[in-house]
Amino acid sequence: MQTGRPEALAENYYLANFHRLADFVVDTYRDILTPAERQWYDSLQASTESAQQLYIRLLSRKGSVFRLSRISYPEIESLDSAASELATRGLAETLPPDNLQILLSAFTKPELSALLIPGGKWPRSRVELIDELLAANAGEQARFSTILQQADEWITLYGHQHWSVFRLGYFGNLYQDSTEFVLQELGTVIYENYALDAPARPFATRSQLNAHLRYFECEALLDTISLKEVRPLLALVAQLPVMIAGDDHLLRRVDRLRNRIARQLERLGCQDDALELYAVSVHPPARERRVRLHLGRGELDHAGRLLSLMREAPFNDAEDQVADRLQQQYRKAAGLPAIKQVRFKPQTTALTLSESSDRVEYAARAFYGRLGDCYYTENALVNAVLGLFIWDIIYFPIAGAFFNPFQSAPADFYQPSFSARRANLLMTRFEELESESRFTDRVFEAYERHQGKSNPLVRWDQISLALLSHSLERIPVSHWRAMFQRILSDTRDNTSGFPDLILFREEAGYEFIEVKGPGDVLQKNQLRWMQYFDSHGIPCRVVNIRWAQDVIGKAGQ
DNA sequence: GGTATTTTTG
DNA sequence: TTCACACTGTCCA
DNA sequence: GACAGTGTGTCTCAAAAATACCAT
Ligand SMILES: [Mn+2]
Ligand SMILES: [Mn+2]
């Protein structure tokens, strides 16, 4: 819809993008770049255009070792001279690599068999072939290496680590890169045009930047190391960055990593190591895991103390909820009488449908579609309406919220402080909920004006004008206010857990419907929303689907 | 040979 | 930089 | 049936090109 036809990009677009990013970093981080980093970019800028083209093309490809014969860019006239210039400037190496594994990975499977085992038979897969070649004796390996080295000309790119620093300094993360420029140019992704007046930057000090860099290195490492062994996991823990005072973002990122590693240590039976690591993490589910471990080991006093802390000051609703359940387990283990508590039970009905191959949600929607208009929206609807309602507040240029043009959300959107830091704006905006027309006008206007722009709450492909109209017409403003408040109280946790369907019957009103197929149960976050719905008079029920008994007929076939 | 998956591209 | 569901096994009334 | 744990399909921009795999 929004994605216009692919327009041609300017010549050398990737060069321009690279320099836009790099210039920003050099300007903005003048005080904390290392001499090596400065030198790296100076060398590039001093290079001829061809050399820069080659360097930047290869920088964005996988790996750092390439065979010249496989590089082909029409805009680079002389590959050889570009390559040797890069080598001269210390930006690359044109000698062939020594490492056999690296050499092997630069060839395709047919190439490898032709070069190294002519006429012979080779294992089924490329990976097996490579494993076999690497298992050969030293003499053979040396022979392989020589053959491969001489089979082509080579270039090994230097400076990836500097490029990582530049990208991190620019984006504040390492999962975005210069393709963002391209996507924006093509109109594939549209970011809000928020104010970027004061030249802001994601990191204030070198140690802060280094800490985030280390975090991303550790995260990448976790995907590489063996998860079956304890040693590499503990080694990884030792590599985790030290915290920077006041950097909640870093704390959350690293805690998530700690929790993942600790969970894996649990699986490997290293409970003591896991407990120790969880104890450092302030983010859920660290305390939950500790309680479970202590309960499992019969360490009731430990479990009890932690539970009290969790109940006194739960990190969020989810931790509060899980503490309730753990409390029961604890009392049972301690021989205390169970606390009689009324578990919330959502209103539930049953529905029998003839079995279909489609998802059960689609089958249910088709059924309820006969009673009125029924949409399968899950989290998309309420989040989107909120996103449209407070669109300009989300992108209000609070200090430190925006530092590059490629953010779909302010940097603190998922921080607990998001609402507090915008409390006045939000309070004023919420006054518009006093009037249904002011509210709906605001939502429709944002829908028209911001169509297609990336927003953390709005999935454009999941909301239609018809859905919005129906919803704004049928759902009372008091219900919207209640739901908005809960979302804003915890943007990370409460943007999910909404029921599958929303039904607008022919007559009037509306109803949320959570569809549950056989064997599916309410998720914890769904239960929390339903409890909230219940206390705010928001209509919602669970429908358990059963398939009609054509099973007998099927069994006969 | 055809199809599935990965890599590169703009 | 995910979310919800499917499936398994355990525990227990 | 409640519950915990784990795995899966779904999203990541879309389409072309390159490569790997598998089956006759
Ligand atoms: Mn669902
Ligand atoms: Mn459901």
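So that the names make sense, note that chain A is the first sequence line, chain B the second, and so on, each numbered from 1.
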So, is [X] near the phosphate of [N], with a side-chain N or O under 4.0 Å from OP1 or OP2?
X      : N      : value
A:R252 : C:dT1  : yes
A:Y13  : B:dT9  : no
A:N379 : C:dA4  : yes
A:R267 : D:dG5  : no
A:Y175 : C:dT1  : no
A:R289 : D:dA4  : no
A:N173 : C:dT1  : no
A:R124 : D:dC22 : no
A:R126 : B:dT6  : no
A:R343 : D:dA2  : no
A:K62  : B:dT7  : yes

Send over the distance from [X] [atom1] to [N] [atom2], rounded to a whole Å.
X      : N      : atom1 : atom2 : value
A:D324 : D:dA4  : CG    : P     : 12 Å
A:H212 : C:dT1  : NE2   : P     : 12 Å
A:F66  : B:dT7  : CZ    : C1'   : 11 Å
A:L457 : C:dC3  : CG    : P     : 12 Å
A:R292 : D:dT6  : CZ    : P     : 11 Å
A:L186 : D:dC13 : CG    : P     : 12 Å

Below 4.0 angstrom, N of the basic side chain to O of the carboxylate: do [X] and [Y] qualify?
X      : Y      : value
A:R311 : A:D324 : yes
A:R541 : A:E514 : no
A:E111 : A:R67  : yes
A:E75  : A:R57  : yes

(Q) Taking only the P atom of each, what is the distance from B:dT6 to D:dT10 in whole angstrom? (A) 15 Å
Q. If we take the P atom in both D:dC11 and D:dA15, what is their distance in whole Å?
A. 14 Å
Q: Please tell me which of A:R459 and A:E266 maps to the more 5' nucleotide of DNA chain D, matching each residue to the nucleotide holding its nearest heavy atom.
A: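 Looking at DNA chain D, the more 5' nearest nucleotide goes with A:E266.
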Q: Going 5' to 3' through nucleotides 5-13 of chain C, assign each nucleotide B (protein heavy atom under 4.0 Å from a base atom), S (under 4.0 Å only from sugar-phosphate atoms) or - (no protein heavy atom that close).
A: BS-----S-
Q: May I ask you to check whether A:W163 and A:F18 place their ring centers less than 6.0 Å from one another?
A: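 A:W163 vs A:F18: aromatic centres under 6.0 Å.
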Q.
Whether A:R486 engages the ring of A:Y532 as a cation-pi pair (distance to the six-membered ring centre under 6.0 angstrom, angle to the ring normal within 45°) should be assessed.
A.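 Because its charged atom sits under 6.0 Å from the ring centre and within 45° of the axis, A:R486 does stack over A:Y532.
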Q | Cation-pi check, A:R258 onto A:Y278 ring (under 6.0 Å, within 45° of axis) | A |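 No.
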Q. How far apart are the C-alpha atoms of A:R292 and A:E288, what are their side-chain angles, what is the distance that settles it, and do they pass the salt bridge (charged side-chain N to carboxylate O under 4.0 Å, His left out) test?
A. CA-CA 6 Å; A:R292 288 192 194 282; A:E288 173 192 346; 3.0 Å; yes
Q. With respect to A:Q208, which candidate in A:L213, A:L250, A:I244 satisfies the side-chain contact (heavy atoms from CB on, under 4.5 Å) definition?
A. A:I244
(Q) Looking only at side-chain N and O atoms, does A:K516 offer a donor or acceptor that is under 3.5 Å from a partner on A:Q526? (A) yes
(Q) Wobble G-U and Watson-Crick pairs count when both distances are under 3.5 Å; given that, what is the 5' to 3' dot-bracket string of DNA chain D, with | for pairing to other strands? (A) |||||||||...||||||||||..
